[in-house]
Amino acid sequence: MLSAGLTLIFSMMGVLNFAHASFYMLGAYFAYTISSVLGFWPALLVAPLLVGALGALVERYGLRSVHKYGHIPELLFTFGLSYVILEIVQLIWGRATVPYKIPAELDGALFTLYTTTFPIYRGFMMLIALLMLLAIYLVLTRTRIGLVIQAALTHPDTVEALGHNVPRVLMLVFGGGCALAGLAGVIGGNAFVTEPGMAGTVGSIIFVVVVVGGMGSLVGALFASLLIGVLQTFAVAIDYSMISLLAVFGAQITAMTPGYAVLKLTISQVAPIMPYLLLVLILIFRPKGLMGTREG
């Protein structure tokens with residue numbers, strides 16, 4: 001869900017939003033505040049809209065001013081914005097974890113497979129993510145506003161000549177991408193943890209997903225997120241190491257062997273770095289990503 005919002009902004013505007021995970025964090029905190037008063041379901045609707053409106057204001061009164069200077073000023077602006085949002089969150093909600101909990105009606109087991117139970121809330125997260133991707137696809141390919149958005153990226157002068165306000169269109173795109181990040185925060189904040197470090201936790205991995213899937217490809221982001229999720233999940237359960245592999249070929253590895261400390265590392269121990277290793281390999285052998293549609 002996070003990668004879809006980031007991909008939407010980049011594919012439509014060419015802006016790599018470094019503060020995207022911060023809008024995810026805002027979505028979680030907004031949802032926590034609203035749900036404590038009105039309940040979870042109103043928060044599910046209102047919090048993404050608030051984050052989207054905030055994102056639109058950021059684009060209108062901040063990002064638009066630096067957009068004409070190129071990608072580096074945009075990166076610096078969004079990078080600084082992420083720290084500003086972090087400090088504001090800590091000032092308002094504090095540095096400790098807030099008690100943003102899963103609603104009672106979604107707490108429990110959806111089904112049991114052998115001895116493993118699958119939570120209802122995980123199924124709800126999957127449903128929301130798929131509905132969100134379907135909605136993005138239909139809006140961009142089956143509606144007039146979607147055609148205007150795509151045309152504004154490649155032929156802005158022509159779109160303006162037809163009477164459309166291109167800067168306003170781009171503002172809505174940026175706000176929509178931020179709203180998707182806010183929606184992910186509403187869904188993910190109570191499934192994991194809502195605290196000021198949550199943006200940093202997911203900030204790096206979403207860029208890995210976007211690059212591996214292909215810059216500007218929503219389908220690529222979907223497949224890359226599934227690939228990385230499966231890769232990490234299975235890697236955690238595998239206890240093989242280079243010593244195990246070399247033993248198959250008859251090699252005798254002891255504690256005195258050079259590099260023993262590295263050779264004895266199991267796949268489960270290096271699981272956290274595997275997405276980043278995949279990122280490096282993708283950049284070397286297929287820089288455009290698995291389904292990349294945009295260069296530069």
Participant: Do side-chain atoms of Gln269 reach the backbone of Thr266 as a donor and acceptor pair under 3.5 angstrom?
Facilitator: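 Here the side-chain-to-backbone pair exists.
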Participant: Decide side chain to side chain contact (heavy atoms under 4.5 Å, CB included) for Ile228 and Leu278; before the verdict, give the C-alpha distance in whole Å, the side-chain angles of both, and the deciding distance to 0.1 Å.
Facilitator: CA-CA 9 Å; Ile228 291 173; Leu278 177 62; 4.1 Å; yes
Participant: Shortest non-hydrogen contact from Ser22 to Ile85?
Facilitator: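 Answer, listing the atom of Ser22 first, then Ile85: CB-CD1, 3.7 Å.
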Participant: Quick one, Tyr276 with Ser204, criterion side chain to side chain donor-acceptor pair (under 3.5 Å). Give me CA distance, side-chain angles, the key distance, then yes/no.
Facilitator: CA-CA 9 Å; Tyr276 304 98; Ser204 58; 2.8 Å; yes
Participant: Would a 4.5 Å heavy-atom cut-off, applied to side chains only, mark Val166 and Asp157 as touching?
Facilitator: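 Heavy-atom side-chain distance check fails, nothing below 4.5 Å.
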Participant: Working to the nearest 0.5 Å, report the span between CG of Leu281 and CD1 of Ile284.
Facilitator: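 Those atoms lie 6.0 Å apart.
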Participant: Do the non-hydrogen side-chain atoms of Pro48 and Leu180 ever get within less than 4.5 Å of each other?
Facilitator: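 They are not in contact (no side-chain heavy atoms under 4.5 Å apart), so the answer is no.
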Participant: Hey, what do you get for CD1 (Ile206) to OG1 (Thr201), rounding to the nearest 0.5 Å?
Facilitator: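 Reported value, rounded in 0.5 Å steps: 11.5 Å.
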Participant: With the side chain counted from C-beta on, respond yes when Phe207 and Leu279 share a heavy-atom pair under 4.5 Å apart, and no when they do not.
Facilitator: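 Contact flag for Phe207/Leu279 side chains = no.
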Participant: List the atom of Pro99, the atom of Tyr32, and the distance in Å for their closest heavy-atom pair.
Facilitator: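 So the two residues come closest at CD-OH, 3.7 Å.
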Participant: Do you reckon Phe192 sits in the same ILVMFWY cluster as Phe30, going by side-chain contacts under 4.5 Å, direct or chained?
Facilitator: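 Hydrophobic grouping puts Phe192 with Phe30.
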Participant: Considering only heavy atoms from C-beta outward, does the side chain of Phe40 approach that of Tyr100 to under 4.5 Å?
Facilitator: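 When only atoms from C-beta onward are counted, Tyr100 and Phe40 do touch, with a gap below 4.5 Å.
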Participant: Quick one: do Leu172 and Leu50 end up in the same hydrophobic cluster if we chain Ile, Leu, Val, Met, Phe, Trp and Tyr together by side-chain heavy atoms under 4.5 Å apart?
Facilitator: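 The answer is no; the residues belong to distinct hydrophobic clusters.
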Participant: Could you go step by step and tell me if Met1 and Leu183 meet the side chain to side chain contact (heavy atoms under 4.5 Å, CB included) rule?
Facilitator: CA-CA 8 Å; Met1 296 174 70; Leu183 177 61; 3.7 Å; yes
Participant: Could you tell me whether Arg64 atom CZ has more than 12 heavy atoms of other residues or ligands within 6.0 Å of it?
Facilitator: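 Yes - once you tally the heavy atoms of other residues, nucleotides and ligands closer than 6.0 Å, there are more than 12.
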Participant: Which atoms form the tightest heavy-atom contact between Ala191 and Met125, and what is the distance?
Facilitator: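 That closest heavy-atom pairing would be CB-SD, 3.8 Å.
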Participant: Looking at every heavy atom in both Gly94 and Pro196, which two are closest together, and how far apart are they?
Facilitator: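 Nearest heavy atoms, Gly94 then Pro196: O-CG, 3.5 Å.
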Participant: Walk me through whether Phe77 and Phe18 qualify under ring-ring contact (aromatic ring centres under 6.0 Å, His included).
Facilitator: CA-CA 8 Å; Phe77 174 82; Phe18 223 95; over 10 Å; no
Participant: Kindly work out whether a path of hydrophobic side-chain contacts (I/L/V/M/F/W/Y, heavy atoms less than 4.5 Å apart) joins Leu6 to Tyr137.
Facilitator: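 Different clusters.
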Participant: Quick check for you: to the nearest 0.5 Å, what is the distance between His164 atom NE2 and Leu147 atom CG?
Facilitator: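 Answer for the NE2-CG pair, His164 versus Leu147, is 9.5 Å.
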Participant: A quick test of your reading: do over 12 heavy atoms of other residues, nucleotides or ligands sit less than 6.0 Å from OH of Tyr69?
Facilitator: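 For Tyr69, atom OH is not crowded (no more than 12 foreign heavy atoms under 6.0 Å).
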Participant: Could you measure the distance from the CG atom of Leu76 to the NE2 atom of His71? Nearest 0.5 Å is fine.
Facilitator: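 Spacing of CG (Leu76) from NE2 (His71) equals 13.0 Å.
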Participant: With a 4.5 Å cut-off on side-chain heavy atoms, are Asn165 and Val169 touching?
Facilitator: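 Counting from C-beta outward, Val169 and Asn165 never come under 4.5 Å.
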Participant: In terms of ring plane angle, is the pair Tyr29 and Trp93 parallel, tilted or perpendicular, where the classes change at 30° and 60°?
Facilitator: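 Correct class here is tilted.
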Participant: Inspect the surroundings of OH in Tyr61 and state if more than 12 heavy atoms from other residues, nucleotides or ligands are less than 6.0 Å away.
Facilitator: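 Open: at most 12 neighbouring heavy atoms sit under 6.0 Å from OH of Tyr61.
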Participant: Apply side chain to side chain contact (heavy atoms under 4.5 Å, CB included) to residues Val212 and Phe223 and explain how you reach the verdict.
Facilitator: CA-CA 9 Å; Val212 171; Phe223 281 104; over 6 Å; no
Participant: Is there a path of hydrophobic side-chain contacts, each under 4.5 Å between heavy atoms of I/L/V/M/F/W/Y residues, joining Val98 to Val193?
Facilitator: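 No, Val193 and Val98 fall in different hydrophobic clusters.
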Participant: Hey, what do you get for CD1 (Ile102) to CZ (Arg122), rounding to the nearest 0.5 Å?
Facilitator: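 The CZ atom of Arg122 is 8.0 Å from CD1 of Ile102, to the nearest 0.5 Å.
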Participant: Could you check whether any side-chain N or O of His20 sits under 3.5 Å from a backbone N or O of Leu2, counting only pairs where one atom can act as donor and the other as acceptor?
Facilitator: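 Yes, the answer is positive, given that a donor and an acceptor are paired below the 3.5 Å cut-off.
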Participant: Is the shortest heavy-atom distance from the side chain of Ser65 to the side chain of Glu59 under 4.5 Å?
Facilitator: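 With C-beta onward as the side chain, the pair stays apart.
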Participant: Would the distance check show the side chain of Thr194 and the main-chain N or O of Gly189 forming a donor-acceptor pair, the cut-off being under 3.5 Å?
Facilitator: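 Judged by distance alone, yes, a pair lies under 3.5 Å.
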Participant: Does the side chain to side chain contact (heavy atoms under 4.5 Å, CB included) test come out yes or no for Val58 and Thr78, once each step is laid out?
Facilitator: CA-CA 10 Å; Val58 167; Thr78 56; over 6 Å; no
Participant: For Val51 versus Leu26, what's the shortest heavy-atom pair and its separation?
Facilitator: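 Shortest heavy-atom contact: CG2-C, 4.1 Å.
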Participant: If I take atom CD1 from residue Ile88 and atom CD1 from residue Ile92, how far apart are they, to the nearest 0.5 angstrom?
Facilitator: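 It comes to 6.5 Å.
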Participant: If you count heavy atoms of other groups shown closer than 6.0 angstrom to CZ of Phe118, is the number above 12?
Facilitator: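 Yes, because the 6.0 Å sphere around CZ of Phe118 holds more than 12 heavy atoms from other groups.
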Participant: May I ask you to check whether Tyr121 and Phe124 place their ring centers less than 6.0 Å from one another?
Facilitator: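 Yes.
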Participant: Treat each ILVMFWY residue as a node, draw an edge where side-chain heavy atoms are under 4.5 Å apart, and state whether Leu57 and Leu81 are in one component.
Facilitator: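 No: no chain of side-chain contacts under 4.5 Å links Leu57 to Leu81.
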Participant: Between Ala43 and Ala31, which heavy-atom pair has the shortest distance, and what is it?
Facilitator: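 The pair with the smallest heavy-atom distance is CB-O, 3.6 Å.
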Participant: Contact between Pro103 and Asn190 at the side-chain level, heavy atoms closer than 4.5 Å - yes or no?
Facilitator: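 Side chain of Pro103 against side chain of Asn190, heavy atoms only: contact under 4.5 Å found.
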